[in-house]
2 protein chains.
Amino acid sequence: MMNIEKKIDPKLNAEVRKIFTLYLEENKQRKTPERFSILEEIYNQIGHFDAEDLYLKMKRKSYNVSRATVYNTLELLVNSDLITKHQFGENHAQYEKAYGSRQHDHLICINCGKVIEFCEPRLQQIKESMSEIFDMEIKRHALTLYGTCKLGCK
Amino acid sequence: MMNIEKKIDPKLNAEVRKIFTLYLEENKQRKTPERFSILEEIYNQIGHFDAEDLYLKMKRKSYNVSRATVYNTLELLVNSDLITKHQFGENHAQYEKAYGSRQHDHLICINCGKVIEFCEPRLQQIKESMSEIFDMEIKRHALTLYGTCKLGCK
DNA sequence: CTCGGTGCAAAGCTTTTGCATCCGC
DNA sequence: GCGGATGCAAAAGCTTTGCACCGAG
């Protein structure tokens, strides 16, 4: 079985660590070791994950963090724009790294669950139009397309 | 307090009833009175709602349906394209009528929770591009913009 | 008459909370 | 040392399931 873990990238790790540190300081939050282990764990894996995935992975590596801390830290990371949170129509949230990857959206296969990421510059224009029409400042968006692989996908 | 219930529209009711009937027949499902009362209840109200809203509303009107039936019927209605299901970043699903309203997307205020609906023809082009690029048949999409009312909203 | 649908309550799952302890500042 | 953060387990909230009964076909 293929190893889907990315090699640890020390430069990226240092960068996100710095961003998180600044965020915590600006928001008068403590820089606990648990928070940084969670951040590191996230940035050394690829793809989407959920809170339970992450909790179990930390447990397996004997990090001894609790679910409460995982959820708390995920929220901090969302607020510091280091990860994004998705609700792809399931009852539980999925997350993914946000730093160092381009803004993108998702195309999901209804049959096999495959998630494809794509970039779509035209969305920017749509956001600008809506901002103007409704006099709102658009902070972010989520576009998900649902479809089926034409040649089957199982 | 303003009455937000729409007047019952017999023509619309008859149309959706017919669509649902056809769907049930095609899928060899029984045409139970509970399923039709739920459909009617949904089409005689406006705006977004969740399963619990609907369950309580039915109870209040002494329809004597169970949560299980509400959830079961909501799924059938989603599959028959009579309602759409949304996960606006919360942990519980919201639904809305789909028949007789134009395809639209949502703009949500992060502060006050206000939901604005908008139509955006340019999305169609995006869907066509992605369909071509990834060789997938796009069945549906969900676009949600998150922002803040520029003049405040409380 | 059959067997799928229903009501009810209990179970399941993700997420949140309460509380005693711990540790960053 | 103070007060926020943590771990643990219990609770909460939405949704699904098990089971006996009912009723659509």
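Each chain gets a letter, A, B and so on, in the order the sequences are listed, and its residues count up from 1.
Among the protein residues, B:Arg35 comes within range of the sugar-phosphate backbone only, with heavy atoms under 4.0 Å from sugar or phosphate atoms but none that close to a base.
Look at CZ on B:Phe36: it is 13 Å from P on C:dG5, rounded to the nearest Å. One interatomic measurement links the two molecules: CD of A:Gln87 to P of C:dT15, which rounds to 8 Å at whole-angstrom precision. Straight-line distance from the OH atom of B:Tyr55 to the P atom of C:dG7: 9 Å, rounded to whole Å. As a whole-Å value, the separation of A:Leu74 CG from D:dT6 C1' is 15 Å. The CD atom of A:Glu90 sits 12 Å away from the P atom of D:dT15 (whole-angstrom rounding). Distance CD (B:Glu75) to C1' (D:dT17): 14 Å, rounded to an integer number of Å. The CG-P distance, from B:Asp53 to D:dG13, rounds to 15 Å in whole Å. The distance between atom NE2 of A:His92 and atom C1' of C:dG12, rounded to the nearest whole Å, is 14 Å.
Taking 4.5 Å as the limit, every side-chain heavy atom of A:Leu77 sits out of range of all side-chain heavy atoms of A:Arg35.
Between A:Tyr71 and C:dT16, a side-chain N or O to OP1/OP2 separation shorter than 4.0 Å is absent. In this structure, B:Thr69 reaches the C:dG7 phosphate: one of its side-chain N or O atoms is under 4.0 Å from OP1 or OP2. The phosphate of D:dG23 has neither OP1 nor OP2 within less than 4.0 Å of any side-chain N or O from B:Thr32. For the pair A:Asn72 and D:dA5, the criterion of a side-chain N or O lying under 4.0 Å from OP1 or OP2 is not met.
Nearest nucleotide to the side chain of B:Lys31, out of D:dG7, D:dG25, C:dT15: D:dG25. Taking every side-chain heavy atom of A:Val65 into account, D:dG7 is the closest of D:dG7, D:dT15, C:dG7. Closest to the B:Asn91 side chain, of the nucleotides C:dT15, C:dG5, D:dT6, is C:dT15. Across D:dC14, D:dG7, C:dG7, the shortest atom-to-atom separation from the side chain of B:Asn64 is found for C:dG7.
Applying the 4.5 Å side-chain rule to ILVMFWY residues, one finds A:Leu107, A:Ile116, A:Phe118, A:Leu123, A:Ile126, A:Ile133, A:Phe134, A:Met136, A:Ile138, A:Leu143, A:Leu145, B:Leu107, B:Ile116, B:Phe118, B:Leu123, B:Ile126, B:Met130, B:Ile133, B:Phe134, B:Met136, B:Ile138, B:Leu143, B:Leu145 in the same cluster as A:Met130.
Each of A:Lys59 and B:Gln94 was assigned the nucleotide of DNA chain D with the nearest heavy atom; the assignment lying further toward the 5' end belongs to A:Lys59. Between B:Arg30 and B:Ala68, the one whose closest nucleotide on DNA chain C sits nearer the 5' end is B:Arg30. Both B:Tyr95 and B:Gln29 sit near DNA chain D, but only B:Tyr95 has its closest nucleotide nearer the 5' end.
At least one donor-acceptor pair under 3.5 Å links the side chain of A:Tyr43 to the backbone N or O of A:Leu82.
In summary, of the residues considered (B:Gln94, B:His86, B:Glu96, B:Lys97), a side-chain hydrogen bond (donor to acceptor under 3.5 Å, both in side chains) with B:His48 occurs for B:Glu96 alone.
Between B:Phe20 and B:Tyr23, the ring-plane angle classifies as parallel under the 30° and 60° cut-offs.
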